Amino acid sequence: MKTPTADSTAPTTASTTAPNTAPAPAPLPEPEPPVRVTVVVASNREGRFGPVVADWLLGRIGERADFVPEVVDVASVHLPTTLSPTPETAAQLTRVSPALAAADAFVVLTPEYNHSFPAGLKNLIDWHYTEWRAKPVALVSYGGLAGGLRAAEHLRQVFAELHAVTVRDTVSFHGAGAAFDAKGQPRDTTGPAAAVDVMLDQLAWWARALMEAKGRRPYVG
């Protein structure tokens with residue numbers, strides 16, 4: 001008896017190569033535009049030390065690609081304390097208000113006078129309202145033993161009233177006159193640099209977070 005054999009004419013299954021199912025590489029994210037930060041130099045006292053700290057601060061900001069800085073110097077702004085609009089006041093405001101309105105974020109550099117911040121800074125703040133609203137503010141202070149920290153803490157209360165958000169970390173210089181060398185650089189080459197980087201990282205995060213939130217819905221303050 002013969003063993004049955006397979007029909008030689010039966011169709012055979014052709015071998016196929018599995019198609020390449022690897023996903024296409026994800027597109028690279030679009031680079032975020034830089035944050036427009038206005039640095040407010042708060043001192044207007046004759047012989048002030050503020051420009052030394054400001055030059056160092058602006059140098060650190062300029063090393064980063066995530067910020068585009070602009071400066072408002074209180075010493076160059078002459079606003080009356082009466083808060084009454086006049087043609088002269090309007091001319092002064094046209095010099096300073098656009099820089100505040102266009103900012104996504106602020107860095108306020110303040111000394112400490114009698115346990116608080118200078119009157120010229122308070123006057124500049126009080127002449128504006130919507131320019132600060134729903135924006136982050138970083139604080140850099142300088143002074144004697146306290147390093148201007150009492151001025152910084154008072155500013156937190158003021159900016160809270162204006163619906164601004166002050167970032168948690170600050171930069172302060174204690175005994176500021178002796179803290180910088182003849183070239184305008186901090187004698188401590190590590191501490192201030194690390195502190196300002198942390199502060200600016202927080203400022204950039206808050207600026208982008210608030211811009212995104214305001215893009216989704218208007219602020220209701």
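Just so you know, these numbers come straight off a predicted model, no measurement behind them. All residue numbers in this chain count up from 1 along the given sequence.
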Peer 1: Scan side-chain atoms only and decide if T130 and H128 contain a donor-acceptor pair under the 3.5 Å cut-off.
Peer 2: no

Peer 1: Using the test salt bridge (Lys or Arg N to Asp or Glu O under 4.0 Å), find all partners of R168 that sit at least two apart in sequence or belong to another chain.
Peer 2: none

Peer 1: With the threshold set at 4.0 Å, does a side-chain nitrogen-carboxylate oxygen contact exist between R156 and E153?
Peer 2: yes

Peer 1: For M199 and V167: C-alpha separation, side-chain torsions, deciding distance, then whether side-chain contact (heavy atoms from CB on, under 4.5 Å) applies.
Peer 2: CA-CA 7 Å; M199 182 193 74; V167 303; 4.2 Å; yes

Peer 1: For R133, is the CZ atom crowded, meaning more than 12 foreign heavy atoms sit under 6.0 Å from it?
Peer 2: yes

Peer 1: Answer yes if the ring centres of W56 and Y142 are under 6.0 angstrom apart, and no otherwise.
Peer 2: no

Peer 1: Verify the neighbour count for atom CH2 of W206: are there more than 12 heavy atoms of other residues, nucleotides or ligands below 6.0 Å?
Peer 2: no

Peer 1: To the closest 0.5 Å, what do you measure between OG1 (T81) and CG (D126)?
Peer 2: 10.0 Å

Peer 1: Apply side-chain contact (heavy atoms from CB on, under 4.5 Å) to residues V72 and V39 and explain how you reach the verdict.
Peer 2: CA-CA 6 Å; V72 168; V39 177; over 6 Å; no

Peer 1: Is the side chain of E112 donor-acceptor paired with the backbone N or O of F117 at a distance under 3.5 Å, no angle test?
Peer 2: no

Peer 1: Could you check if a side-chain atom of P186 sits within less than 4.5 angstrom of a side-chain atom of F173, using non-hydrogen atoms only?
Peer 2: yes

Peer 1: Could you tell me whether a side-chain N or O of E131 sits under 3.5 Å from a main-chain N or O of Y129, the two making a donor and an acceptor?
Peer 2: yes

Peer 1: Distance check, rounded to the nearest 0.5 Å: T110 atom OG1 versus K122 atom NZ?
Peer 2: 13.0 Å

Peer 1: Any side-chain to backbone donor/acceptor pair from T38 onto A99? Under 3.5 Å, distance only.
Peer 2: yes

Peer 1: Determine whether a donor-acceptor pair (N or O, by modelled atom type, separation under 3.5 Å) exists between the side chain of D66 and the backbone of V35.
Peer 2: no

Peer 1: Given L162 and I125, is the side-chain contact (heavy atoms from CB on, under 4.5 Å) satisfied, shown in steps?
Peer 2: CA-CA 9 Å; L162 294 166; I125 292 171; 3.3 Å; yes

Peer 1: Any heavy-atom pair between the side chains of L155 and V108 that's under 4.5 Å?
Peer 2: yes

Peer 1: Between NE2 of H154 and CG of L149, what distance do you get to the nearest 0.5 Å?
Peer 2: 11.5 Å

Peer 1: Measure from the side-chain N and O atoms of T166 to the backbone N and O of V137, and report whether any donor-acceptor pair falls under 3.5 Å.
Peer 2: no

Peer 1: Pairs of donor and acceptor atoms involving the side chains of residues 176-184, under 3.5 Å and at least two apart or interchain, shall be tabulated with distances.
Peer 2:
unit_1: D181; atom_1: OD1; unit_2: K183; atom_2: N; d: 2.9
unit_1: D181; atom_1: OD1; unit_2: G184; atom_2: N; d: 3.1
unit_1: D181; atom_1: OD1; unit_2: Q185; atom_2: N; d: 2.9

Peer 1: Decide whether T190 and D188 meet the rule of one side-chain donor and one side-chain acceptor closer than 3.5 Å.
Peer 2: yes

Peer 1: Could you check whether R216 pairs with E212 (Lys NZ or Arg NE/NH1/NH2 to Asp/Glu carboxylate O, under 4.0 Å)?
Peer 2: yes

Peer 1: Do any N or O atoms from the side chain of S97 and from the backbone of L93 form a donor-acceptor pair under 3.5 angstrom?
Peer 2: yes

Peer 1: With no hydrogens and no angle check, is any side-chain donor or acceptor of S76 less than 3.5 Å from a backbone partner on D73?
Peer 2: yes

Peer 1: Cation-pi between R60 and F67: NZ/CZ under 6.0 Å from ring centre and within 45° of the ring axis?
Peer 2: no

Peer 1: Do T89 and W127 come within less than 4.5 Å of each other through their side chains, counting heavy atoms only?
Peer 2: yes

Peer 1: Is there a side-chain contact between L57 and V171, using heavy atoms and a 4.5 Å cut-off?
Peer 2: no

Peer 1: Listed by chain and number, what are the ring pair (Phe, Tyr, Trp, His ring centres under 6.0 Å) partners of Y219, not counting sequence neighbours?
Peer 2: H163

Peer 1: Has N44 got a side-chain atom pairing as donor or acceptor with V74's backbone, closer than 3.5 angstrom?
Peer 2: no

Peer 1: Might you confirm whether atom CZ of R187 has over 12 heavy atoms from other residues, nucleotides or ligands at distances under 6.0 Å?
Peer 2: yes

Peer 1: Is there a donor-acceptor pair closer than 3.5 Å between any side-chain N or O of H174 and the backbone N or O of L145?
Peer 2: yes

Peer 1: Salt bridge check, R36 against E70: does any charged N sit closer than 4.0 Å to a carboxylate O?
Peer 2: no

Peer 1: Is a salt bridge present between K214 and D104, judged by a nitrogen-to-oxygen distance below 4.0 Å?
Peer 2: no

